[in-house]
Amino acid sequence: MATNASTSSPLRIAIAGLGTVGVGVIRLLGTNRDLIAARAGRAIEVVAVSARERHKDRGVETGSYAWEDDMTALGARDDVDVVVELVGGSDGPALALSRAALKGGKGLVTANKAMVAHHGLELAEAAEAAGAPLKFEAAVAGGIPVVKGLREGTSANALTKVYGILNGTCNYILSEMEETGADFAETLSEAQALGYAEADPTFDIEGIDAAHKLAILAAIGFGAKVDFASVATTGIVQVRAADIAQADALGFVIRLIAEADVQDEDGTPKLLQRVRPCLVAKGHPLSSVDGPTNAVVAEGNFSGRLLFQGAGAGDGPTASAVVADLIDIARSEVGAPFSMPVDQLQALGPAQPGHRTERTYLRFTVKDRPGVLAEITAAMRDADVSIESLIQQGREHGGGEVLVAMVTHEGPEANVTEALALLEGSESLTGEPLVLPILPA
Ligand SMILES: NC(=O)c1ccc[n+]([C@@H]2O[C@H](COP(=O)([O-])OP(=O)(O)OC[C@H]3O[C@@H](n4cnc5c(N)ncnc54)[C@H](OP(=O)(O)O)[C@@H]3O)[C@@H](O)[C@H]2O)c1
């Protein structure tokens with residue numbers, strides 16, 4: 001950092017964005033001021049702020065801070081050591097400010113997963129070039145110190161797998177559907193009314209938000225270049241109340257799972273990253289993660305399985321993560337943002353999961369007429385998919401449609417894909433089949 005690096009003088013910060021998280025940070029810095037100064041070895045002081053509306057009542061006092069209409073100007077102020085970006089958006093003003101701050105040798109703390117997933121590598125290079133800290137604990141799983149956990153706690157391990165529940169909105173919806181028996185659309189509206197889902201919930205329910213976070217975790221966990229574009233993403237929109245009931249009867253819950261691992265393909269390590277709803281056996285640590293909670297499992301070759309769990313969003317938990325980053329910077333305890341220097345990060349190509357094996361839950365909605373079941377099971381046989389159990393449910397909507405659900409034995413994913421291809425265009429099917437993998441124990 002260029003300025004005010006003395007450890008006895010305060011760490012001077014500028015905050016861009018005074019919304020949920022920005023206000024949370026100001027509150028936390030005020031409430032825990034002495035404790036933070038003691039732990040950081042010096043005070044952390046807000047010097048300047050920026051947001052869209054200067055005179056909005058935000059419930060906290062901001063009048064004593066310098067105000068910048070153009071938030072990019074925060075990155076050029078001589079009286080600022082660290083810029084805290086709490087605006088959001090992968091590009092636009094958040095990215096312009098972040099670039100300006102690092103270029104000017106200032107530290108950057110951000111909660112912006114979209115920006116880090118898309119531009120993390122570029123920002124890490126800029127931070128390295130400037131010798132400035134870049135930290136983003138709050139970008140993944142809110143208040144859970146999972147970035148720190150992977151960067152520091154498991155740093156001696158080769159990780160075999162990182163996976164978890166990274167989106168509180170989806171988790172709330174799925175666990176509510178489980179609790180109430182209501183369908184997706186109804187539960188989403190309720191979640192919006194309660195503030196657990198945004199007015200535009202697309203990023204959450206389509207799995208994109210979880211994919212942003214997964215790309216960041218995978219980069220840290222596997223020493224890989226951030227590769228958001230390669231995350232195979234499926235959201236939860238297709239999950240019906242009937243699937244949840246079926247999963248329950250079979251001893252599972254349904255959760256949106258983000259998972260990453262590295263495996264050799266023909267002697268070359270490849271990175272698998274995917275976000276998809278999965279069946280999780282009751283008794284698995286992730287099965288009891290309910291409501292807006294997040295949880296991450298990391299499996300290290302010496303640490304064994306580690307579980308990080310807590311609030312994945314909200315002003316308090318997210319501010320807690322932002323200020324923890326600031327305390328690290330105040331202590332001069334900063335390392336490479338993605339756990340190793342950028343030139344050490346590997347460009348791992350995306351894995352082709354087809355040869356991998358898993359058990360799968362398949363749900364078909366079909367016409368209520370003879371021969372349909374035989375047609376489906378014949379496709380399974382021809383694609384070498386072995387069926388472990390099969391359930392045919394009564395008329396779901398009373399309109400001559402029935403639901404056929406099955407669980408396969410463990411087998412290659414490619415075989416299930418082939419079976420579905422054989423059934424494509426079949427007049428017996430009344431909708432797209434749903435394929436939900438079963439998370440291994
Ligand atoms: N909320 C959470 O629980 C949570 C959890 C983890 C990570 N995050 C991340 O934290 C960041 C902030 O989230 P948030 O929930 O605090 O958002 P928010 O409540 O919508 O607040 C955004 C703030 O940015 C300001 N802003 C937006 N566009 C701007 C522009 N063009 N120029 C200047 N200021 C602008 C807004 O100003 P006005 O107030 O004047 O409109 C507002 O103060 C996002 O990256 C988000 O993904 C949030």
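Just so you know, these numbers use all the heavy atoms, side chains as well, and skip hydrogens, waters and symmetry mates. Just so you know, ligand 1 is whichever comes first in the structure, and atom 1 is the first atom listed for that ligand. We number each residue from 1, following the sequence as shown. Given the structure is predicted, the values throughout are model-derived calculations rather than measurements.
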**Q** Please identify which atoms of ligand 1 are closer than 4.0 Å to at least one heavy atom of Ala138.
**A** 6 (C), 7 (C)
**Q** Considering only protein heavy atoms, which is closest to atom 12 (C) of ligand 1, and at what distance to one decimal place?
**A**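 Ranked first by proximity to atom 12 (C) of ligand 1 is Leu86 O, 3.3 Å.
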**Q** Starting from atom 26 (N) of ligand 1, locate the nearest protein heavy atom and write down its residue, its atom name and how far away it is, to 0.1 Å.
**A**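 Result: Val87 CG1, 3.7 Å.
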**Q** Give the residue, atom name and distance (to 0.1 Å) of the protein heavy atom nearest atom 42 (C) of ligand 1.
**A**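 Scanning the protein heavy atoms, the shortest distance from atom 42 (C) of ligand 1 goes to Gly19 N, 3.8 Å.
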**Q** By number and element, which atoms of ligand 1 are closer than 4.0 Å to a non-hydrogen atom of Ala313?
**A** 3 (O)
**Q** Atom CG of Leu348 and atom CZ of Phe222: how far apart are they, to the nearest 0.5 Å?
**A** 9.5 Å
**Q** At what distance is the nearest protein heavy atom to atom 44 (C) of ligand 1, and which residue and atom is it?
**A**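 The answer is Gly88 CA, 3.6 Å.
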**Q** Any heavy atom of Gly142 closer to ligand 1 than 4.0 angstrom?
**A** no
**Q** Taking the basic N atoms (NZ, or NE/NH1/NH2) and the acidic carboxylate oxygens, is any pair closer than 4.0 Å for Lys148 and Asp325?
**A** no
**Q** Please report whether atom 20 (O) of ligand 1 has a protein non-hydrogen atom at a separation of less than 4.0 Å.
**A**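 There is no protein heavy atom less than 4.0 Å from atom 20 (O) of ligand 1.
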**Q** Is any side-chain N of the basic residue among Asp79 and Arg12 closer than 4.0 Å to the acidic one's carboxylate O?
**A**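 So Asp79 does not pair with Arg12 through a salt bridge.
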**Q** So which atom in Leu74 and which in Lys106 form the shortest heavy-atom distance, rounded to 0.1 Å?
**A**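 In terms of heavy atoms, the two residues are closest at O-CE, 4.0 Å.
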**Q** Within the structure, does Thr20 bring an N/O atom to less than 3.5 angstrom of an N/O atom in ligand 1?
**A** yes
**Q** What are the atoms of ligand 1, with element, lying closer than 4.0 Å to any heavy atom of Gly314?
**A** 2 (C), 3 (O)
**Q** May I ask you to identify, for Ala111, whether its side chain, its backbone, both or neither come under 4.0 Å of ligand 1 on a heavy-atom basis?
**A** both
**Q** If you draw a 6.0 Å radius around NZ in Lys270, do more than 12 non-hydrogen atoms from other residues or ligands fall strictly inside?
**A** yes
**Q** Is there a donor-acceptor contact under 3.5 Å linking the side chains of Ser303 and Thr154?
**A** no
**Q** Could an N or O of ligand 1 be found under 3.5 Å from any N or O of Pro93, whether backbone or side chain?
**A**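 No, Pro93 has no N/O under 3.5 Å of an N/O on ligand 1.
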**Q** Salt bridge (charged side-chain N to carboxylate O under 4.0 Å, His left out) for Glu259 and Arg274? Distances and angles first, verdict last.
**A** CA-CA 6 Å; Glu259 54 171 340; Arg274 51 189 179 185; 3.2 Å; yes
**Q** Provide the number and element of each atom of ligand 1 under 4.0 Å from a heavy atom of Val21.
**A** 1 (N), 2 (C), 4 (C), 10 (O), 13 (O), 14 (P), 16 (O), 48 (C)
**Q** Note the single closest protein heavy atom to atom 25 (C) of ligand 1, along with its residue, its atom name and the distance in Å.
**A**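 Residue, atom and distance for the closest contact: Gly17 CA, 4.0 Å.
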**Q** Go through ligand 1 atom by atom and flag the ones less than 4.0 Å from a non-hydrogen atom of Arg58.
**A**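 Here the atoms of ligand 1 in question are 38 (P), 39 (O), 40 (O), 43 (O).
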**Q** Check each atom of ligand 1 against the heavy atoms of Leu18 and keep those under 4.0 Å away; list them by number with element.
**A**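 By the 4.0 Å cutoff, the relevant atoms are 23 (C), 42 (C), 43 (O).
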**Q** Can a side-chain donor-acceptor contact be found between Thr202 and Asp200 if the only test is distance below 3.5 angstrom?
**A**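 Their side chains do contain a donor-acceptor pair, which is all the 3.5 Å distance test asks for.
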**Q** Which residue and non-hydrogen atom of the protein lie closest to atom 30 (C) of ligand 1, and at what distance in Å?
**A** Arg52 CG, 3.9 Å
**Q** Examine Phe252 together with His284 and report whether their ring centres are nearer than 6.0 Å.
**A**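 Here the rings of His284 and Phe252 have centres that are no less than 6.0 Å from each other.
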**Q** Which bit of Lys113 gets closer than 4.0 Å to ligand 1, counting heavy atoms only: side chain, backbone, both or neither?
**A** side chain
**Q** Tell me which protein heavy atom sits closest to atom 40 (O) of ligand 1, plus the residue, atom name and distance to 0.1 Å.
**A** Glu53 N, 2.7 Å
**Q** Got a salt bridge between Arg356 and Asp261, using NZ or NE/NH1/NH2 to carboxylate O under 4.0 Å?
**A** yes
**Q** Indicate yes or no: does Asp328 engage Arg331 in a salt bridge with an N to O separation below 4.0 Å.
**A** yes
**Q** Salt-bridge test for Arg255 and Glu178: reply yes if a basic N is under 4.0 Å from a carboxylate O, no otherwise.
**A**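 Looking at Arg255 and Glu178, the cut-off is met.
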**Q** Classify the contact between Pro317 and ligand 1 as side chain, backbone, both or neither, using a heavy-atom distance cut-off of under 4.0 Å.
**A** neither
**Q** Does the protein put a heavy atom under 4.0 Å from atom 17 (O) of ligand 1?
**A** no
**Q** Would you say the side-chain atoms of Asp290 and Tyr172 include a donor-acceptor pair closer than 3.5 Å?
**A**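 Side-chain D/A pair, Asp290 to Tyr172: absent.
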**Q** Within the structure, does Gly89 bring an N/O atom to less than 3.5 angstrom of an N/O atom in ligand 1?
**A** no
**Q** Does ligand 1 have a heavy atom under 4.0 Å from the side chain of Asn112, from its backbone, from both, or from neither?
**A**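 The answer is both, backbone and side chain.
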**Q** Would you say ligand 1 has an N or O under 3.5 Å from any N or O of Asp315?
**A**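 No, no N or O pair falls under 3.5 Å.
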**Q** With no hydrogens and no angle check, do the side chains of Asp70 and Thr72 hold a donor and an acceptor under 3.5 Å apart?
**A** yes
**Q** Please report which non-hydrogen protein atom sits nearest to atom 32 (N) of ligand 1, along with the residue it belongs to and the distance in Å to one decimal place.
**A**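 Result for atom 32 (N) of ligand 1: Met71 SD, 3.9 Å.
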